[in-house]
Every structure is written in C-alpha cells, then in structure tokens.
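Right, one structure below, let's go through it.
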2 protein chains.
Amino acid sequence: MRPVSWNSVLPMQTDRSAAPPTCRDLFGRFAADVLPADLPERTRWRLCELAQPVGAAAGNALSGECADSRLVHVATGAARLVAHVSQGRDQVLSFHFAGDVVLVPARAAHGYTLCALGACEGLAFKADPLFELVRADAALAHALLLRTRRALARSREKTIALGRMTAQERLASFLVGMAERIGVPGAGGCMLDLPMSRRDIADSLGLTIETISRQLGELRAAGLLATSGRSVVRLIDMPALEARAGHLAAPC
Amino acid sequence: MRPVSWNSVLPMQTDRSAAPPTCRDLFGRFAADVLPADLPERTRWRLCELAQPVGAAAGNALSGECADSRLVHVATGAARLVAHVSQGRDQVLSFHFAGDVVLVPARAAHGYTLCALGACEGLAFKADPLFELVRADAALAHALLLRTRRALARSREKTIALGRMTAQERLASFLVGMAERIGVPGAGGCMLDLPMSRRDIADSLGLTIETISRQLGELRAAGLLATSGRSVVRLIDMPALEARAGHLAAPC
DNA sequence: CGCAAATTTGACCAACCTCAACAAAGGTGG
DNA sequence: CCACCTTTGTTGAGGTTGGTCAAATTTGCG
C-alpha cells in the first residue's frame, strides 16, 4: 500500500532539454483543451502573443495578486484559487486540475492568488485583451462562456455548502465533488489522491483543519471511507456519502 | 411551452393598472439591456421566438424548479435565486433587479427557484437553444460572457463572506453591496429601500433572521446606519461599514 | 382601528473554534 | 536502510459565536 506520489510524475520534462516547457508546448495543450477547431489562424496567433507561460512549485503563486484580472489555463498539476480576507483568514474559492481554465480576479475588495498544489504549470492571459479578442470570434466566446457557466455552477454549489450545510455535509459534499473530478473508480470504492492539504480543504469549506480531521474520522468510523497516508482516500459507500452531502434524491 | 407571438400579452393574473407590458415591451427592454446594437435581424427574431414572458407577485416563483436550465432577464421588480437544500433549509444565491440577467440552473444536486420580491416580470429563455444561438454571434456571446463573469465575481464574493466572515461582517458586506446596486446617495448617507425580507437576507448570508436583527441593532447602536420601517435603511458611515465588511484598504 | 405577519428581544444551547499536546508521515543525510 | 527531524495531521478540553425556542413588539395593510 504505497501511495502514488504526485511529484514523481510531474517534473516538467518536455523532450531533450531540462528547460521548462516552451510556450509552444503549453499553447498546444491550451488549444486542444479550450480552443474551437476552426479558429481563424489570425486569432490563434494573437492569442499566442497574449499567452504568458506560468509555473510554480508546491505552495507558490502561479499568478499572484495582480492589478488586472487574468485567465489561466492549467496544463499540468493542480492549483487553488485563494481569496485573502485578512491576515490568517483565507478562503479557497476553487480547486483546479490539468485542463481547467480559471478566471483570476484583479485585486478588489479582496486579494486573489492562484497557488500551485504540487508542481503546476500553465498559460496566463490578461483578461482585457483576451475578452477583446473574444468579441470577434463566436466559437471562442462560446467555449469560454461554457467554462464560465461551469465555474459559476461550481461557485454556487460552494455557496450552498458554506451557507446551509453542517461540517460533515460540507466534507461529504467536497469528497463527492472531488470524486467526480479526479476520482479513480475501482473495486471496493472510488480512490482519491487528494493533492491538497487539510488546511486547503478547511479553507475551502469554511472550517478549521481540526474540524476536517474530526469529521473525516467520523466518516471513517461510519464505514463510508478509508484513508491511507495524508492524501489517499477510498470512498467506500458513495450513495451514503451523497446522502450525507445533502444531495437531492432522484428528481420527482 | 407555448409559442409566443409579438402581440401576446403577459399571462399575469391581475392588472389593476392600465397597461401590463406586452411581450413586445419586455423584449424591447431585454434588447436594450443586453443585446448588442448590431445584432442581425434574423438572430433577433429567433431570440424573440425563444422568449417566454414570465411574471409573479411577491413571493411566487418566476421560473420554478425546472428540468432544464434557463436564462431570465428581469424587466421590472426584483427577484431572488434560491437553492433548496432540504425542508426548511434554503440558500439565497443572489438577488436581481431590473436590467439583470440570471442563469437559473436545472434541478441537479439541489433544486433552484427564481422568486419574485414584490411584483416582478421578465423574459425567460431555455438555456440550450439560447446558447446554441449564441454560438453563431460573437457580440451576443460577448455580452452574455460579460454578464456571466459578473455573476461569477458576485458568487465568489458571497463564498468569501459565507466561508470566512463573522455575522456582522457579512451583514456589512451585504449592505455595502446593495448600496452599490440600488442605493440612492443623499445628504446624511446612502438611502436603501430593501425589497427583501429579513428571512431573505438571512438565507442569503447563511444566518438566521434573529442574528440579522441583532447585528442590524449593533450597527445601528454604533451609529453606522439608521433604519425606518421594515425596509428603509440609511447608511450613515460608508467607510466604517466597508471597514467592517472586511474590505481591503486601497491597494498598496 | 384591528389584525396577521414580520421583526425584535431574551434566555439558553450546541456546533464549531481555539489552544495545546501528541502522533504520524515522509523527506533528508548519514 | 535507518535514525532523525520537520511538517502535517489527530485528539482532547474548554470557550464563543451564532442557532433555537419562546415571547413581546412593531409594521403596515385592509
């Protein structure tokens, strides 16, 4: 039972050199993930000009607090979008994995940072010129609109969790959500290798690390899941977890 | 689902006032608020075909729990988007006023309802055919993307409030936000005429009506605001309110 | 003016936070 | 490969914020 190490796979190795991936590599991934197939060459070129490769090691900012808002495509690794409320009070707004696109707001009523969980790299675009470009291409606009709608839906789910759920419901809801995104179904339950720490989970669910730990313990005691090491969780009874997550039963 | 013609009249119950707005009126408002000026006539026509007038009196559903998600343009009045967690546990996701556009999700892990606060009317579009249309028009897509980005930003602010703020900070933050949207600046402070009840505010901030009442009392005692009747609030000291809302000071 | 609904207030309670000590994990260097 | 050590996570005791229940009060409509 040796947990798979995230970091062993991640170190950025393009091909021959030890150099970080070229903008070209990253742009290829970005294009494959989000750009429509029939995007005009001219627009593609403009996008490539706007793209800035970003990368960071565990815990560091991919795209720090910034005067203008940005859109970041995560190519490898995982990241968290954090809002800084005040000294020692952070709120994780969302987690992101390879293939995701994140809108990182400019500093406003609060500061925002996109932080790497483990090594992470991607492409950043300044929002203003990007959305100016988008204005001219319906397919691109449609693609970004779809992503933004999905982000909105996730954000609303989080609002529901933080506003009206108990600690246990929030954690169950978090685990079910992660299972959908990065879970590996297998015999005896869905395997999760969580790239984020207890603190990240706590800051995401509006709780403390102690509460996360205790609630995990309760779910373990109830036989709904098993843990192994820091990051591996096996979800044994998904239906029961979904029930505790306060999910509606099948529509009437 | 009934086809709608240019001349059809709003299917609303009573109209003591002379002229209830026709679908034409509503579409005109919608077009003025969100459609780009140079939208092709053909697209405009298709949109008009998709539009369904909706309206409700205080407390009633404008667009109830539904099998498919919808986009609603609020023409007059105000509304709240509510998620139903379980019997007696509701979470208000957002408030909307005349001119706003709301994405009402289909029933999924939770049920969603768009409810009128006071009399409210608008136009609803089924999301799927609408976003199919959007695919062909960059300007329209751009307009909706902008609205969706704004909704995402608001949703994130709410996440921050619910996750990491105290009751008083949440209320201050709510009041500051409402002041920006529907406040009327005047001598001696910004006047707010809140269309929502204490319960709505509580369900929006993840608190109870009692806590809202108590915190309002504290802010009143601190001289930051004055209340008059159920719905009128005068924000006397905005800077102090913003400070209590946990807003960052001016950028460094 | 009368009344039902909304709001305010008070007393008490519990979920979750805080603080502190302890245990496990997993990386490092011998 | 193992001992060490730092970081991360777990567990326990006690405090606080905000929830719950109940009653008094206000509001604004008819």
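We name chains A, B, ... by the order of the sequence lines, and we start the count at 1 in each one.
In the region residues 199-216 of chain B, proximity to DNA chain D at under 4.0 angstrom, judged on heavy atoms, holds for B:G206, B:L207, B:T208, B:E210, B:T211, B:R214. For the segment residues 167-179 of chain A, no residue has any heavy atom less than 4.0 angstrom from an atom of DNA chain D.
The separation between A:R89 atom CZ and C:dC16 atom P is 19 Å, rounded to whole Å. Atom pair A:M196:CE and D:dT7:C1' shows a separation of 19 Å (rounding to whole Å applied). Distance CE (A:M165) to C1' (C:dC16): 17 Å, rounded to an integer number of Å. Here the P atom of nucleotide C:dA25 and the CG atom of A:L194 are 16 Å apart, to the nearest Å.
Inspection of the B:H110 and A:E157 side chains reveals an N or O donor paired with an N or O acceptor under 3.5 Å. Residues B:S94 and B:H96 bring a donor and an acceptor atom of their side chains to less than 3.5 Å of each other. B:R70 and B:Q52 share a donor-acceptor pair across their side chains, judged by distance under 3.5 Å alone. Side-chain atoms of B:S204 and B:K158 include a donor-acceptor pair closer than 3.5 Å.
Remark: A:D100 engages A:R181 in a salt bridge, criterion side-chain N to carboxylate O under 4.0 Å. Salt-bridge annotation for A:R29 and A:D25: absent, with no side-chain N of the basic residue lying under 4.0 Å from a carboxylate O of the acidic one. In summary, B:D203 and B:R80 do not engage in a salt bridge, as defined by a charged side-chain N under 4.0 Å from a carboxylate O. Using a cut-off of 4.0 Å between Lys/Arg side-chain N and Asp/Glu carboxylate O, A:E169 and B:R89 are scored as salt-bridged.
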Pairs under 3.5 Å (N/O, protein and nucleotides 28-30 of chain D):
unit_1, atom_1, unit_2, atom_2, d
D:dG28, OP1, B:R230, N, 3.1

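In this structure, A:G217 and A:R164 both approach DNA chain D, and ranking their closest nucleotides by distance from the 5' end singles out A:G217.
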| request: Determine, stepwise, if the pair B:R199 / B:D90 fulfils salt bridge (Lys or Arg N to Asp or Glu O under 4.0 Å). | output: CA-CA 10 Å; B:R199 166 148 302 287; B:D90 284 352; over 6 Å; no
| said: Working note: B:T227 + B:V232, criterion side chain to side chain contact (heavy atoms under 4.5 Å, CB included); need CA distance, chi angles, decisive distance, verdict. | reply: CA-CA 6 Å; B:T227 55; B:V232 174; over 6 Å; no
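Put simply, the residue from A:V72, A:V102, A:V92 that forms a side chain to side chain contact (heavy atoms under 4.5 Å, CB included) with A:L81 is A:V102.
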